[in-house]
Visitor: 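This is the structure I have questions about; it appears just below.
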Amino acid sequence: MAEVSQESGPNAPLAGVLVVAFEQAVSAPYCTRLLGDLGARVLKVEAPNIGDFTRDYDDAVRGLGAHFAWLNRNKESLALDMKSAEGPEVVARLIARADVVVQNFSPGAAARLGIDAASVHAANPAAVAVDISGYGTGGPLAHRRAYDLLVQAEAGSCAITGEPGRPAKPGIPIADAGTGLHAAIAVLAALHDRHRTGRGAAIEIGMFDVVADLVGWALNYTAHTGTEREPNGMSSPMVSPYGAYPTRDGATVVLGTTNDAEWRRLALELLERPDLANDPAYASNEQRCAARPRIDAVIAGWTADRDLGDVLAGADAARIGCATVNSIGDVLTHPQLSERGRWVPVGSPVGEIASLAAVPTSPSWRLPLGAIPVVGEHTAAILNELINEGA
């Protein structure tokens with residue numbers, strides 16, 4: 001896997017913003033990594049010696065957990081026992097300095113430690129404070145622990161994934177990652193609003209609410225029709241044809257149409273089947289969804305007689321959406337990443353590793369590319385900074 005260098009510098013959009021993160025697992029660390037990627041200084045508060053438990057989820061990254069390596073670049077680690085005699089004073093000083101405070105501790109724990117959004121905002125009205133929880137405040141499930149699978153199951157994501165009668169968890173941790181994204185968006189909005197009002201905000205993000213929002217199309221469909229669309233694996237229950245088909249050389253190609261004009265191009269230009277294009281039984285998307293097995297059989301028969309490259313070239317020529325079903329190993333060496341310099345070297349406790357560059361890019365920005373920290377690596381420097389400021 002080629003590593004491509006990336007410039008970094010001080011003119012990132014969030015330069016000068018201080019984020020204090022009382023975090024673990026995925027949702028909050030993803031939020032704060034996104035903020036760090038955009039130039040914020042992120043202080044990650046960790047339990048001494050142990051740290052964020054995802055450090056040891058596995059040892060895939062030369063002894064470091066794959067989740068931790070993904071979520072924790074561009075951060076400084078402060079090892080702190082918040083229940084110790086000096087813990088509350090350090091926390092208070094951190095909160096007093098912070099522009100943003102993010103926490104995703106278990107229900108009740110944050111309030112007991114005084115790091116919940118309401119307490120933070122009361123202590124520092126200019127701070128943007130974010131509580132990330134499983135189910136938000138109130139309601140019958142507010143007390144529950146919430147992990148990605150649990151929330152996805154509760155909010156219906158698993159029911160619209162997989163095959164009929166065989167629900168599945170999406171491979172991407174939608175509840176965790178979606179929550180991190182929503183939290184980061186809310187932070188940016190609150191920081192923008194602070195320029196107008198001079199005040200921060202106390203913000204709550206519930207993972208259940210995030211997933212419910214992400215399955216909004218399905219909720220709308222069922223609310224207004226009284227029926228539920230069944231999942232159908234590598235396809236969409238709402239669109240046809242739209243699915244995965246085998247090729248002669250053993251690959252799998254995805255072909256998709258999203259409107260009637262694309263369906264006609266697929267039938268006429270790719271399949272060379274004017275009879276399908278002109279058949280009134282297939283004229284609308286609803287009709288094609290009802291006839292999905294017949295249409296899929298025709299397309300699968302066509303792709304099975306051709307190699308992947310020929311299918312992709314034909315689809316591109318006909319302006320039909322197409323893709324290859326790649327393995328994760330395939331994506332590691334994907335030219336769309338390597339040829340655009342998306343792999344960049346990042347320091348870590350196990351040495352330099354390859355990491356994907358921040359998603360947003362701009363010729364006006366030079367984004368930082370800070371290392372993944374060792375537990376407590378920056379404790380002495382941060383505490384000295386706090387003491388000197390308080391003197």
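Values reported hereafter were calculated over all heavy atoms of this structure, with side chains retained and with hydrogens, waters and symmetry mates removed. Model, not experiment: these values are computed from the prediction.
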Visitor: Does this structure show an ion pair linking D37 with R33, if we count only N-O contacts that are shorter than 4.0 Å?
Guide: yes
Visitor: Are D176 and T179 linked by a side-chain donor-acceptor pair shorter than 3.5 Å?
Guide: no
Visitor: With heavy-atom distances below 4.5 Å as the criterion, would you say the side chains of I132 and Y30 are in contact?
Guide: no
Visitor: Would you say I299 and L266 make side-chain contact, with heavy atoms under 4.5 Å?
Guide: yes
Visitor: Test side-chain contact (heavy atoms from CB on, under 4.5 Å) on L149 and C158; report intermediate values, then the result.
Guide: CA-CA 8 Å; L149 172 60; C158 297; 4.2 Å; yes
Visitor: Does any part of the side chain of L356, heavy atoms only, come nearer than 4.5 Å to the side chain of W343, both counted from C-beta?
Guide: yes
Visitor: Would you kindly confirm whether L141 and V211 end up in one hydrophobic cluster when ILVMFWY residues are joined by side chain heavy atoms under 4.5 Å apart?
Guide: yes
Visitor: Should the pair H192 and H195 be assigned to parallel (<30°), tilted (30 to 60°) or perpendicular (>60°) ring geometry?
Guide: perpendicular
Visitor: Do Q152 and S157 meet the criterion of a side-chain donor-acceptor pair at a distance under 3.5 Å?
Guide: yes
Visitor: Do the side chains of L383 and M82 join up, straight or via other hydrophobic residues, at under 4.5 Å, putting them in one cluster?
Guide: yes
Visitor: Would you say the side chain of C322 lies within less than 4.5 Å of the side chain of D316, judging by non-hydrogen atoms?
Guide: yes
Visitor: Are L64 and I372 packed together at the side-chain level, in the sense that at least one heavy-atom pair is separated by less than 4.5 angstrom?
Guide: yes
Visitor: Taking atom CG as the centre, does N220 end up with more than 12 heavy-atom neighbours from other residues, nucleotides or ligands that are less than 6.0 angstrom away?
Guide: yes
Visitor: How many angstroms lie between atom CG of L18 and atom CG of L94, to the nearest 0.5 angstrom?
Guide: 8.0 Å
Visitor: Below 30° counts as parallel, above 60° as perpendicular, anything between as tilted: where do the rings of Y135 and F208 land?
Guide: tilted
Visitor: Does R196 pair with D193 as a salt bridge, N-O distance under 4.0 Å?
Guide: yes
Visitor: Salt bridge check, R73 against E352: does any charged N sit closer than 4.0 Å to a carboxylate O?
Guide: no
Visitor: At what distance, to the nearest 0.5 angstrom, does CG of L43 lie from NE2 of H378?
Guide: 9.5 Å
Visitor: May I ask you to decide if L150's main-chain N or O and E154's side chain share a donor-acceptor pair within less than 3.5 Å?
Guide: no
Visitor: Would you please classify the geometry between the F22 ring and the F105 ring as parallel, tilted or perpendicular, with 30° and 60° separating the classes?
Guide: perpendicular
Visitor: Between D81 and P48, is there a donor-acceptor pair closer than 3.5 Å when you use the side chain of the first and the backbone of the second?
Guide: no
Visitor: Counting heavy atoms not belonging to Q287, are there more than 12 under 6.0 Å from its CD?
Guide: yes
Visitor: Heavy-atom distance under 4.5 Å between the side chains of W70 and V61, does that happen here?
Guide: no
Visitor: Is any side-chain heavy atom of P241 closer than 4.5 Å to one of Y282?
Guide: no
Visitor: Is it true that, when you exclude I50 itself, more than 12 heavy atoms of the residues, nucleotides or ligands shown sit nearer than 6.0 Å to its CD1?
Guide: no
Visitor: I'd like to know if the side chain of T303 reaches the main chain of P246, judged simply by a donor and an acceptor atom lying under 3.5 Å from each other, with no hydrogens or angles considered.
Guide: yes
Visitor: Nearest 0.5 Å, what's the CG-CG distance between L312 and D307?
Guide: 10.5 Å
Visitor: Before giving the answer on side-chain contact (heavy atoms from CB on, under 4.5 Å), spell out for V128 and I203 the whole-Å C-alpha distance, their side-chain angles and the decisive distance to 0.1 Å.
Guide: CA-CA 8 Å; V128 175; I203 299 168; 3.8 Å; yes
Visitor: In Å, rounded to the nearest 0.5 Å, how long is the span from OG of S77 to CG of D52?
Guide: 9.5 Å
Visitor: Thinking salt bridges, do E46 and K75 make one under a 4.0 Å N-O criterion?
Guide: no
Visitor: Kindly indicate whether the side chain of P231, heavy atoms from C-beta on, has any atom under 4.5 Å from the side chain of T161.
Guide: no
Visitor: Is the closest basic N to carboxylate O distance between E230 and R292 below 4.0 Å?
Guide: no
Visitor: Go through W365 and L38 one step at a time and tell me if the side-chain contact (heavy atoms from CB on, under 4.5 Å) criterion holds.
Guide: CA-CA 9 Å; W365 298 345; L38 291 172; 3.9 Å; yes
Visitor: Answer yes or no: does atom CD of E163 have more than 12 heavy-atom neighbours from other residues, nucleotides or ligands under 6.0 Å?
Guide: yes
Visitor: For residues S133 and D131, is any side-chain donor paired with an opposing acceptor at under 3.5 Å?
Guide: no
Visitor: If we check side-chain contact (heavy atoms from CB on, under 4.5 Å) with L14, which of these qualifies: V187, L34, D99, L188?
Guide: L188
Visitor: Would N326 and T324 count as having a side-chain donor-acceptor pair, cut-off 3.5 Å?
Guide: no
Visitor: For the atom pair CG (L113) and CD (Q103), what is the distance rounded to the nearest 0.5 Å?
Guide: 9.0 Å
Visitor: Can you tell me how far CZ of R229 sits from OG1 of T227, rounded to the nearest 0.5 angstrom?
Guide: 7.0 Å
Visitor: Counting distance only, does the side-chain N/O of D260 pair as donor-acceptor with the main-chain N or O of S284 below 3.5 Å?
Guide: no
Visitor: So does A380 get a backbone contact from the side chain of N384, meaning a donor-acceptor N/O pair under 3.5 Å?
Guide: no
Visitor: Under a 4.0 Å threshold between the charged nitrogen and the carboxylate oxygen, would D275 count as salt-bridged to R273?
Guide: yes
Visitor: Other residues, nucleotides and ligands only: do more than 12 of their heavy atoms fall within 6.0 Å of NE2 on H121?
Guide: yes
